[in-house]
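Following: one structure in structure tokens, then a few remarks.
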Amino acid sequence: MTSPAAQDVRRTFGLVGVPTSAGSHNAGQERAPAAWREHGLVDALGRAGAQVTDHGDLAVRTHRPSPRVEGVRDADRVRATCLEVADAVARVAGAGEVPLVLGGDCTTTLGVVAGLRRTGRVGLLYLDGDVDLNRPELSGSGVLDTMGTTHLLGGGSAALADLGQDGPLLRPEEVELFGFDPAELDEQQWTTLTRLRLSATPAPEVRDDPAGSASTAWSRLARAADRVVLHVDVDVLDTGAFPLANFPHFNGLALDELSVCLRTLAQGVGLAAVVVTEVNPSHDPDGSLLSALRDVLVAALA
Ligand SMILES: [Mn+2]
């Protein structure tokens, strides 16, 4: 028996690889889509009963050192990736498939939201070790994948703030921050979070009740949006136990907690896209981490 909130329509996923680390602080994430394929994600989804069409990969953009310009690094290449992602996602969604987008760094999600926003409003469930509310003028690094939420809400660098065709991609009530480490936010990010009254469920609250907190977050977002993008940054996981992410977070979730959350969230009515970001295959020399995460994704999506 499925709950009233459970999805009862069979989905077909349209897989798009986004081999980019242009928005990051080092190289590695551009190899993630190939690593997912090597680890049999497509076949495993199929064996578990999911329908998947593999649309291949977009252009490779590997991180390169670049100077800060107006507070950010390599904005032109990040923007180019976002526009390509938006086109691909719009095409896949237009064909009736749910885009399953394999990043790449977290700026990938800007493109996913931009693509879906061409046909109406969306919400974003941001499952991530961070809230990514940094701003160009306050950031110590100028690295764009620390500023994703800022750009989605229409602030930050002009190169990324105008990806929406009719103003900011998202309104504050269309964002649900979930699973972040509260110790990672500086004063400025906490101030932005509270000033905009963003909905937020930090990792300690998730840990107390993974299924309940996921269900509550989804329900709250569903009141603001009838289509939802599920962003999954693997840095929501605890680096001490699961060091797959590009950047370490030592107070993250356990894999089984993430698994419970994803199984709950992926059942949500209105799931419009899934994005998996920040996998750095260099951190997984024997492939055991990608295999374990593949099984978690398959259990949630199939
Ligand atoms: Mn993150």
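For ligands, and for the atoms within them, numbers begin at 1 and follow the listed sequence. Numbering starts at 1 and runs along the sequence shown.
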Do Arg31 and Ser282 meet the criterion of a side-chain donor-acceptor pair at a distance under 3.5 Å?
yes
Between the Mn ion (ligand 1) and Glu278, is there an N, O or S atom separated by less than 2.8 Å?
no
Under 3.5 Å: donor-acceptor pair, side chain of Arg171, backbone of Ala224
no
Are Arg220 and Glu176 close enough for a salt bridge, meaning some N to O gap below 4.0 Å?
yes
Which atom name does Asp130 have for its N/O/S atom nearest to the Mn ion (ligand 1)?
OD2
Quick check on the Mn ion (ligand 1): does Asp233 put an N/O/S atom closer than 2.8 Å to it?
yes
Aromatic ring centroids of Phe247 and His25 under 6.0 Å?
yes
With the Mn ion (ligand 1) at the apex, how many degrees lie between OD1 of Asp128 and OD2 of Asp235, rounded to 10 degrees?
130°
